[in-house]
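Presented below is the structure to which this report refers.
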Amino acid sequence: VQLQASGGGLVQAGDSLRLSCAAAGRQVSRLFVGWFRQAPGKEREFVAAISRSGSWTEYADSVKGRFTISRDSAKNTWYLQMDSLTPEDAAVYYCAAKYGILTAPVSTGAGDYDFWGQGTQVTVSS
């Protein structure tokens with residue numbers, strides 16, 4: 001599975017961005033996808049994840065109510081809509097994926113994912 005993350009950029013505090021994660025490869029429909037981020041000098045942290053069916057989502061407390069993860073099955077693409085961005089959201093954002101059964105819960109641990117995209121930079125000016 002290959003993941004291509006895109007959509008990062010430089011925005012001002014309070015602005016919005018939508019990140020995309022396009023997947024290619026075998027059995028993409030069986031993928032669970034998560035978003036993680038890593039700021040300079042900090043460890044990679046969980047941001048959001050979505051189940052294979054799209055009906056179950058999880059968010060880090062720091063982004064609840066501001067970020068929304070979704071999927072477009074027809075396009076094999078997952079999205080992270082980020083609203084009300086703050087300088088604390090600045091980081092390199094990575095999408096990650098793993099295979100799973102339809103009823104499995106989402107995963108919030110980076111070690112649970114087998115495939116990673118290259119990352120996309122998000123910069124938020126105050």
Side-chain angles (χ1 to χ4, degrees):
V1 173
Q2 295 81 44
L3 302 175
Q4 180 72 39
S6 62
L10 171 63
V11 296
Q12 293 185 336
D15 285 350
S16 298
L17 273 178
R18 189 178 77 161
L19 305 184
S20 299
C21 177
R26 297 182 59 188
Q27 300 183 326
V28 171
S29 62
R30 292 181 52 219
L31 292 176
F32 285 68
V33 168
W35 285 95
F36 294 79
R37 66 187 182 186
Q38 187 166 19
K42 295 186 178 181
E43 294 187 353
R44 188 170 299 189
E45 65 174 357
F46 168 75
V47 176
I50 189 167
S51 65
R52 181 177 145 184
S53 67
S55 60
W56 189 349
T57 57
E58 290 283 347
Y59 296 93
D61 288 343
S62 59
V63 307
K64 280 181 181 177
R66 300 187 299 120
F67 290 13
T68 304
I69 188 171
S70 62
R71 65 176 295 178
D72 185 333
S73 300
K75 296 181 179 179
N76 291 337
T77 301
W78 286 257
Y79 302 99
L80 184 67
Q81 177 67 40
M82 306 186 296
D83 299 321
S84 302
L85 285 161
T86 74
E88 288 70 38
D89 295 315
V92 177
Y93 282 71
Y94 299 90
C95 60
K98 66 167 189 172
Y99 289 118
I101 62 174
L102 189 61
T103 55
V106 298
S107 296
T108 61
D112 295 331
Y113 291 86
D114 300 309
F115 310 103
W116 290 82
Q118 83 287 4
T120 184
Q121 177 74 50
V122 173
T123 304
V124 185
S125 63
S126 58

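In this text, all values refer to a predicted model and were calculated from it rather than measured experimentally. Positions are given from 1, in the same order as the sequence printed here.
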Heavy atoms of Leu80 and Ala48 approach each other most closely as CD1-CB, 4.0 Å
Hydrophobic cluster identity match, Val122 and Tyr79, side-chain contacts under 4.5 Å: no
Rounded to the nearest 0.5 angstrom, the CD-OH distance for Gln38 and Tyr94 is 5.5 Å
Notebook entry, point to check: Under a 4.5 Å cut-off applied to non-hydrogen side-chain atoms, are Tyr113 and Ser107 in contact?
Noted result: yes
Separation between CZ (Arg71) and CD1 (Ile50), nearest 0.5 Å, reads 7.0 Å
Enclosure of Glu43 CD (heavy-atom neighbours >12, cutoff 6.0 Å) = no
For Val28 and Ala23 the tightest heavy-atom approach is CG1-CB, 3.9 Å
(message) I'd like to check Ile69 versus Phe67 (side-chain heavy atoms, cut-off strictly below 4.5 Å). Are they in contact?
(response) no
Separation between CG (Asp15) and CG (Leu10), nearest 0.5 Å, reads 9.5 Å
Across all chains, not counting sequence neighbours, the ring pair (Phe, Tyr, Trp, His ring centres under 6.0 Å) partners of Phe46 are Phe36
Of all heavy-atom pairs linking Ala49 and Val106, the shortest is CB-CB, 4.2 Å
Axial cation check for Phe32 ring with Arg52, 6.0 Å and 45° limits:
no
*asked:* Within the 3.5 Å criterion, strictly below it, is a donor on Asp83 or Ser16 matched to an acceptor on the partner's side chain?
replied: yes
Practice problem: Give a yes/no verdict on a cation-pi contact between Lys64 and Tyr59, requiring under 6.0 Å between NZ or CZ and the six-membered ring centre and an angle within 45° of the axis. | Solution: no
Can a donor-acceptor pair be found between the side chains of Ser20 and Arg18 at a distance below 3.5 Å?
-> no
In terms of heavy-atom contacts, Ser51 and Ser55 come closest through OG-N, 3.4 Å
Residues Val33 and Ala97: closest non-hydrogen pair is CG2-CB, 4.1 Å
Exercise for review: Check whether any side-chain heavy atom of Pro105 sits under 4.5 Å from a side-chain heavy atom of Trp56, and report yes or no.
Suggested key: yes
message = With no hydrogens and no angle check, just 3.5 Å: does a side-chain donor-acceptor pair link Tyr93 and Arg37?
response = yes
- prompt: Does Ser62 offer a backbone N or O that forms a donor-acceptor pair with the side chain of Arg66 under 3.5 Å?
  reply: yes
Between the CG atom in Leu31 and the CG atom in Leu3, the distance rounded to the nearest 0.5 Å is 7.5 Å
Please answer whether the main-chain N or O of Ala5 pairs with a side-chain N or O of Gln118 as donor and acceptor at a distance below 3.5 Å. yes
Here the gap from Thr77 atom OG1 to Leu19 atom CG, rounded to the nearest 0.5 Å, amounts to 12.5 Å
Distance col, row Ser29:OG vs Leu102:CG, nearest 0.5 angstrom, shows 9.5 Å
Pair Tyr99-Arg26, side-chain contact (heavy atoms from CB on, under 4.5 Å): steps then yes or no:
CA-CA 10 Å; Tyr99 289 118; Arg26 297 182 59 188; 3.9 Å; yes
For Trp116 and Ala110 the tightest heavy-atom approach is CZ2-O, 3.4 Å
| said: Between Thr120 and Ser6 (side chain of the first, backbone of the second, donor and acceptor by atom type, cut-off under 3.5 Å), is there such a pair? | reply: no
